[in-house]
Chemist: 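Take this structure, written in structure tokens, and hold onto it; I'll ask about it next.
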Amino acid sequence: MNVDQGLFVPLILGILEGLTEFLPVSSTGHLLLAGHFFGLSQPATFIVLIQLGAILAVITVYFAKLGLLIRDALTGKAYAWRFAIGVILACLPAIIVGVLAREYIQQVIYESPLVICLSLVIGGIVLLIVDRMPKQEKYDDIYQFPWHLALIVGLFQMLSLIPGVSRSGSTVVGAMLFGATKRSAAEFTFFIALPIMVGAFGYDLYKSRELIDMSLGLNIAIGFAASFVVGTIVVKYLLGFVSKHGFAPFAWWRIAVGAAGLVAILVFGR
């Protein structure tokens with residue numbers, strides 16, 4: 001398979017991935033629309049595999065906190081085990097459905113810009129409503145999230161298998177609707193991204209091992225590195241931004257991008 005389009009395309013897509021992976025705007029949706037409307041295309045495997053670069057950004061920024069969690073879990077601290085089980089519960093639904101529906105998602109839904117654009121617009125409206133509606137905030141510490149809240153977040157995360165919905169957007173909405181503060185909802189998405197994206201990386205790498213040649217491998221490496229660098233910057237500053245401005249700016253961005261895509265489809269028929 002020859003996917004060599006020079007260094008520009010994987011670099012731009014890697015930057016786009018790093019910018020959008022942890023924002024509630026759908027990184028996959030943006031990458032697919034960039035390919036559809038601007039010709040910045042790569043195989044679906046590329047899109048999945050470069051996401052690990054952004055995930056490693058979380059590990060870099062939260063290295064000390066993750067190390068403390070692992071140490072406390074190994075020494076039997078109850079909060080660490082409770083949090084670990086909560087993360088597992090939040091990941092299981094999307095993992096199960098993602099494995100079962102992988103081929104359909106990548107071969108059918110990924111090829112539908114109309115679905116992506118509609119998901120961006122509808123998701124943006126939902127995020128805007130949830131961000132502004134009065135809520136009873138009961139949980140501001142991710143280590144104290146009850147298991148039922150973690151499972152609810154996991155069920156919402158299943159929606160993100162549809163490109164354009166957004167993994168972070170769906171989980172943030174689910175968490176806030178059931179009592180989490182904006183900051184804790186955003187932070188929890190960082191942690192549940194780790195196992196689910198590492199799992200997606202490993203599974204897709206195995207399934208696509210025969211399709212990855214030297215050219216695609218180089219493109220993946222470039223996109224991976226770019227998403228890591230940019231993702232690190234986003235993770236470092238996102239929580240402060242959300243605490244100050246909420247999620248409305250991202251909601252409006254989703255609506256604008258989705259609406260622009262719908263207009264392009266209507267006018268140009270593509």
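Atom set for the values below is all heavy atoms of this structure, side chains included, hydrogens, waters and symmetry mates excluded. This chain uses plain numbering: 1 for the first residue, then up along the sequence.
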Chemist: Would you please name every residue forming a side-chain hydrogen bond (donor to acceptor under 3.5 Å, both in side chains) with S227, sequence neighbours left out?
Modeler: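 Checked S227 against side-chain hydrogen bond (donor to acceptor under 3.5 Å, both in side chains); zero matches.
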
Chemist: Residues two or more places apart in sequence or in another chain: which of them pass ring-ring contact (aromatic ring centres under 6.0 Å, His included) with F224?
Modeler: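 So F224 forms no ring-ring contact (aromatic ring centres under 6.0 Å, His included) with any residue.
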
Chemist: What pairs with S27 under side-chain hydrogen bond (donor to acceptor under 3.5 Å, both in side chains), at least two apart in sequence or on another chain?
Modeler: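 Partners of S27 by the side-chain hydrogen bond (donor to acceptor under 3.5 Å, both in side chains) criterion, ordered by chain and then number, come out as E17, E21.
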
Chemist: Listed by chain and number, what are the ring-ring contact (aromatic ring centres under 6.0 Å, His included) partners of Y110, not counting sequence neighbours?
Modeler: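 Listed in chain order: nothing, the list is empty.
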
Chemist: Not counting sequence neighbours, list each pair that qualifies as a ring pair (Phe, Tyr, Trp, His ring centres under 6.0 Å) and has a residue in residues 48-67.
Modeler: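 Qualifying pairs: Y62-F190, Y62-F191.
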
Chemist: The criterion is ring-ring contact (aromatic ring centres under 6.0 Å, His included); which residues satisfy it with F250, sequence neighbours excluded?
Modeler: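 Here the qualifying residues are F241.
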
Chemist: Which pairs count as salt bridge (Lys or Arg N to Asp or Glu O under 4.0 Å) when at least one residue sits in residues 110-131, sequence neighbours excluded?
Modeler: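 Listed once each, the pairs are D131-K182.
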
Chemist: Could you check if a side-chain atom of Y104 sits within less than 4.5 angstrom of a side-chain atom of I109, using non-hydrogen atoms only?
Modeler: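 They are in side-chain contact.
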
Chemist: With sequence neighbours excluded, what pairs up with Y237 under the side-chain hydrogen bond (donor to acceptor under 3.5 Å, both in side chains) test?
Modeler: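 Here no residue qualifies.
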
Chemist: Can you sort out the partners of Q136 under side-chain hydrogen bond (donor to acceptor under 3.5 Å, both in side chains), two or more places apart, ordered by chain and number?
Modeler: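 Testing Q136 for side-chain hydrogen bond (donor to acceptor under 3.5 Å, both in side chains), a comparison that skips the adjacent residues, returns none.
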
Chemist: Can you list every salt bridge (Lys or Arg N to Asp or Glu O under 4.0 Å) pair that touches residues 233-254, not counting sequence neighbours?
Modeler: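 Output for this query is empty, none listed.
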
Chemist: Which residues satisfy the ring-ring contact (aromatic ring centres under 6.0 Å, His included) test with F247, sequence neighbours excluded?
Modeler: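 With neighbours one apart ignored, the set is empty.
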
Chemist: List in chain and number order the residues that pass side chain to side chain contact (heavy atoms under 4.5 Å, CB included) with L161, two or more places apart in sequence or in another chain; answer none if no residue qualifies.
Modeler: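 V97, I105.
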
